[in-house]
Peer 1: 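If you scroll down you'll find the structure; I have some questions about it.
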Amino acid sequence: MDQTGPSPQTLPPAGASISQQRNEAIQAAAQSAEDGGLLAQLTGNPFFTAGFGLAGLGVGVRVAQRGLRRGADLLRRRMLVEVEITHKDDSYPWFLNWMKTHQQLQLNEKLNASRTGFVDSLLRKLTPGIRHHSIETTTLKHANGAINTAFTLVPGPGQHVVRYKNAFIFVNRVRESKSLDRETNKPWETITLTTLYSQRHVFEHIFTEAHAYALREIEGKTTIWRPDVAAWAKLGEPRRKRGLNSVILDKGVKERIVEDVKDFLASDSWYYDRGIPYRRGYLLYGPPGTGKSSFIQALAGALDYDIAILNLSERGMTDDRLNRLLTVVPKRTLVLLEDVDAAFSNRRQTDDDGYRGANVTFSGLLNALDGVASAEERIIFLTTNHVERLDEALVRPGRVDMTVRIGELTRHQVISLWERFYGELDTTGSYQQAFLARLEELGVIEGENGENADKVRSTSAAALQGLFLYNKENPEGAIAMAEGLTYRLHE
C-alpha cells in the first residue's frame, strides 16, 4: 500500500519541545548543505539566478563599451590627426577666407570641366559644399560722411567637409556662446581640422596657401586699425598704399623724418645692447590741411606698415584701456594719436546726453607712452594744430624724440604740385611762371629769392590741391582762380 505522507524519519518525536525542533531543523539544513552544496541551492533559486545574470550582463556591456571607446581612441590616434585653431591666432581669418576661396575654385572647376577621369568625377560628387555660412560685414566711413559697406560670406559654425589634394578634411567650427573673450567681449571660437594621419602633410600646404591668399588681399594696401574694447579691429577694407611722392611737404622735411624712422628700424640691437627702450615718438604740428595725416599714411605705405588710430576723446576710453591698447599694437603698425591737444581741453564740456568728454587722464597718457608696461618696438606719431597747448612733460625726449613743424604753403610745394597736375600740359613752363607770379602778387608765397617772406599770408597745401582738382587739365583756370586761395583772410 502506497504511503503519501511524510517519512517517519522526518517527523519530530512526540512531545519534543520547540527549541529541540529548531535545533534539529538547523542540523538537517547543515546536513543538506553538506550533501548537495550551497552553490546548488543558490543556482536552484530562480530569483538569484536572474539577478546574477542581469548584473553579469551589465558588467559585460560596460566592459564592452570601455573596450570600444578605447579601441576608437586608439584607432583615432593611429589613423587620424587633428589641428586646432583659436580665433586669437592670426591664421583663423586666413583659414576661413581660404575655405571660401577654395570652394569657389572647386565650383569653377566643376563648371569648366569638360573631360575628367572617373576618379576625379567621383571625388567631386562625393565632396559636399559648404551649407552653413556666416556674414562678415565691414563698414568704411569717409571724411565726407559717405559710408561704404561690404558683405563677405564665410563658413559658419558647424561641421564641414573639404577636399584638398584628394584628401578629405573634416572641419568643425565651434562658437562658445557662454564663453567670451575678455579683450573683444565676443564669443570664443575654435576650428578643428581632422584628416587621416597619412594625409597630415596637407595641413602645411593649406596654411601656406591661406597665408598667400591673405597677403594677396592686402598687397599694395595699408590696413587701418581701430580700438575694439581692449583689442584692435580692422577699420573697413585695407586702403591702397599712398606713395611718399604723393605728399608734398617743404623742402627737406619729408626726407628728414623718413631717414630718422629708417635709422630707428635698423637700430634695434643698438637699443637693446644699451638697455634703452626700443620705441620712437614723433610730434607733427602745424595748421590744418598742411599734410600731417597724409604724410603718416604715405610713410606707412613706404615702410609696408599699417596704421592704428587712437582717439583719446573716444567714449569709454580710460587709462587702463589706453595702456592695454598701446601694449597690444599689431606688428608692423604705426600708432597715430591725432589732435592730442583736444583730448584734455574739452574735458569739462558736457554733451546733451551727459557725456563729459574723455576719461583718459594726463598722467595716464604719460604712463601709457613710456611707463613700465609700455610696449617695445613701437613707433608713435602725435599730431596737433596747437602745439602751444601741449604740456612740456608730454613733448620731452623719451616720449617725443623728434618734433617737426609742417607749415603753410611754400614756393617749393607750389612748384611740385603744379608739375604733378599740369606737367604734361605745361611743357614750356610758361603757365607755371604766370601762376607763381600771380601768387606772389597776392602775397600767398615769397619771391624766388625769398623776397617779402615776412609779408606772406599763409594758406595750406590742401587748399592749393583743391584748386588744382577743380581745374583738372585747365592751367589757365587755375591761374584765373588763384585769388580764391586768400578767401579765408577776408572772412
Side-chain angles (χ1 to χ4, degrees), residues 80-113 116 120 123-138 140 149-176 181 184 186-225 228 231-240 304 306 330-333:
L80 301 179
V81 61
E82 293 183 347
V83 173
E84 184 180 83
I85 321 168
T86 68
H87 75 283
K88 300 288 290 183
D89 194 84
D90 293 339
S91 63
Y92 192 86
W94 299 350
F95 179 77
L96 291 178
N97 179 65
W98 176 87
M99 279 189 66
K100 176 192 67 175
T101 306
H102 182 68
Q103 185 198 30
Q104 188 61 45
L105 291 175
Q106 285 186 333
L107 290 175
N108 294 338
E109 290 178 359
K110 188 181 295 186
L111 293 175
N112 298 329
T116 57
D120 291 338
L123 288 174
R124 288 192 180 97
K125 292 180 179 179
L126 292 177
T127 304
I130 299 175
R131 306 297 181 184
H132 184 198
H133 294 83
S134 292
I135 293 181
E136 289 187 353
T137 306
T138 55
L140 178 60
T149 304
F151 302 94
T152 305
L153 289 177
V154 296
Q159 297 180 345
H160 311 276
V161 179
V162 177
R163 179 176 61 86
Y164 180 75
K165 295 185 181 294
N166 295 330
F168 285 90
I169 303 164
F170 294 88
V171 181
N172 186 23
R173 182 182 179 187
V174 179
R175 177 178 295 164
E176 300 289 346
D181 184 359
T184 62
K186 294 180 180 179
W188 186 272
E189 293 189 9
T190 58
I191 293 177
T192 303
L193 313 179
T194 307
T195 191
L196 293 174
Y197 187 81
S198 59
Q199 301 288 345
R200 62 190 181 279
H201 62 277
V202 300
F203 290 136
E204 181 179 351
H205 295 294
I206 286 176
F207 288 107
T208 300
E209 197 170 284
H211 185 225
Y213 286 166
L215 291 179
R216 194 180 307 164
E217 287 193 353
I218 63 174
E219 186 178 1
K221 298 179 180 179
T222 301
T223 300
I224 308 298
W225 297 88
D228 184 12
W232 294 92
K234 293 181 180 179
L235 178 61
E237 294 295 323
R239 304 180 183 182
R240 182 175 298 177
D304 197 22
D306 296 329
K331 295 180 180 179
R332 299 187 64 85
T333 300

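For the single chain, residues carry numbers from 1 onward in sequence order. We use all heavy atoms of the structure for the numbers below, so side chains are in, but hydrogens, waters and symmetry mates are not.
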Peer 1: Can you tell if the side chain of Val171 reaches within under 4.5 Å of the side chain of Ile169, non-hydrogen atoms only?
Peer 2: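 Yes, side chains in contact.
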
Peer 1: Is the closest side-chain heavy-atom distance between Thr208 and His205 below 4.5 Å?
Peer 2: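 A side-chain contact under 4.5 Å is absent here.
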
Peer 1: Show the numbers, then the answer: is there a side chain to side chain contact (heavy atoms under 4.5 Å, CB included) between Glu217 and Asn97?
Peer 2: CA-CA 10 Å; Glu217 287 193 353; Asn97 179 65; 3.2 Å; yes

Peer 1: Using the rule ring-ring contact (aromatic ring centres under 6.0 Å, His included), only one of Phe207, Phe95, Trp98 pairs with Tyr164; which is it?
Peer 2: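 For Tyr164, the ring-ring contact (aromatic ring centres under 6.0 Å, His included) check succeeds only for Trp98.
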
Peer 1: Taking the side chain as everything from C-beta on, heavy atoms only, tell me whether Arg175 gets closer than 4.5 Å to Glu189.
Peer 2: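 Contact flag for Arg175/Glu189 side chains = yes.
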
Peer 1: Quick check against the 3.5 Å criterion: does Thr86 have a side-chain atom that pairs as donor or acceptor with the backbone of Thr190?
Peer 2: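 Flag not set: sc Thr86 to bb Thr190 has no pair under 3.5 Å.
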
Peer 1: Shortest non-hydrogen contact from Arg332 to Asp304?
Peer 2: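 Heavy atoms only, the tightest pair is NE-O, 3.5 Å.
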
Peer 1: Do Ile191 and Asn172 touch side chain to side chain, with heavy atoms closer than 4.5 Å?
Peer 2: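 No, every pair of side-chain atoms sits at 4.5 Å or beyond.
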
Peer 1: To check you understand the geometry: which heavy-atom pair defines the closest contact between Thr333 and Lys331, and what is its length?
Peer 2: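 In this case the closest contact between Thr333 and Lys331 is OG1-O, 3.1 Å.
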
Peer 1: Give the minimum heavy-atom separation between Ser91 and Asp89, together with the two atoms involved.
Peer 2: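 Looking at all heavy atoms of both residues, the closest pair is OG-OD2, 2.5 Å.
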
Peer 1: Report yes if some heavy atom in the side chain of Asp228 is under 4.5 Å from a heavy atom in the side chain of Trp232; otherwise report no.
Peer 2: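 Contact flag for Asp228/Trp232 side chains = no.
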
Peer 1: Does any N or O in the side chain of His102 come within less than 3.5 Å of the main-chain N or O of Ala210, such that one atom is a donor and the other an acceptor?
Peer 2: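 Such a contact is absent between His102 side chain and Ala210 backbone.
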
Peer 1: Quick one: closest heavy-atom pair of Glu176 and Val174, and the distance?
Peer 2: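 It is OE2-CG1, 3.6 Å.
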
Peer 1: Identify the two heavy atoms, one from Ile224 and one from Arg239, that lie closest to each other, and give their separation to 0.1 Å.
Peer 2: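 What the structure gives for the nearest pair is CG1-NE, 3.9 Å.
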
Peer 1: Can you list every salt bridge (Lys or Arg N to Asp or Glu O under 4.0 Å) pair that touches residues 201-214, not counting sequence neighbours?
Peer 2: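 Found none.
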
Peer 1: To the nearest 0.5 Å, how far apart are NE2 in His160 and CG in Leu193?
Peer 2: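 Separation between the atoms: 11.0 Å.
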
Peer 1: With sequence neighbours excluded, what pairs up with Trp225 under the ring pair (Phe, Tyr, Trp, His ring centres under 6.0 Å) test?
Peer 2: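 Applying ring pair (Phe, Tyr, Trp, His ring centres under 6.0 Å) to Trp225 gives none.
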
Peer 1: Does NZ or CZ of Arg216 fall inside the cone over Tyr213's six-membered ring, less than 6.0 Å from its centre and within 45° of the axis?
Peer 2: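 No.
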
Peer 1: Let me confirm one number: the NE2-CG distance from His87 to Leu96, rounded to the nearest 0.5 Å.
Peer 2: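 Output value for this atom pair is 12.0 Å.
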
Peer 1: Below 4.5 Å, heavy atoms only, C-beta onward: do Lys88 and Trp188 meet side chain to side chain?
Peer 2: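 Contact flag for Lys88/Trp188 side chains = yes.
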
Peer 1: May I have the step-by-step check of side chain to side chain contact (heavy atoms under 4.5 Å, CB included) for Phe170 and Glu82, ending in yes or no?
Peer 2: CA-CA 9 Å; Phe170 294 88; Glu82 293 183 347; over 6 Å; no

Peer 1: What distance separates Lys165 NZ from Gln199 CD, expressed to the nearest 0.5 Å?
Peer 2: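 One finds 11.0 Å between NZ of Lys165 and CD of Gln199.
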
Peer 1: I'd like to check Met99 versus Thr101 (side-chain heavy atoms, cut-off strictly below 4.5 Å). Are they in contact?
Peer 2: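 Answer no - side chains too far apart.
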
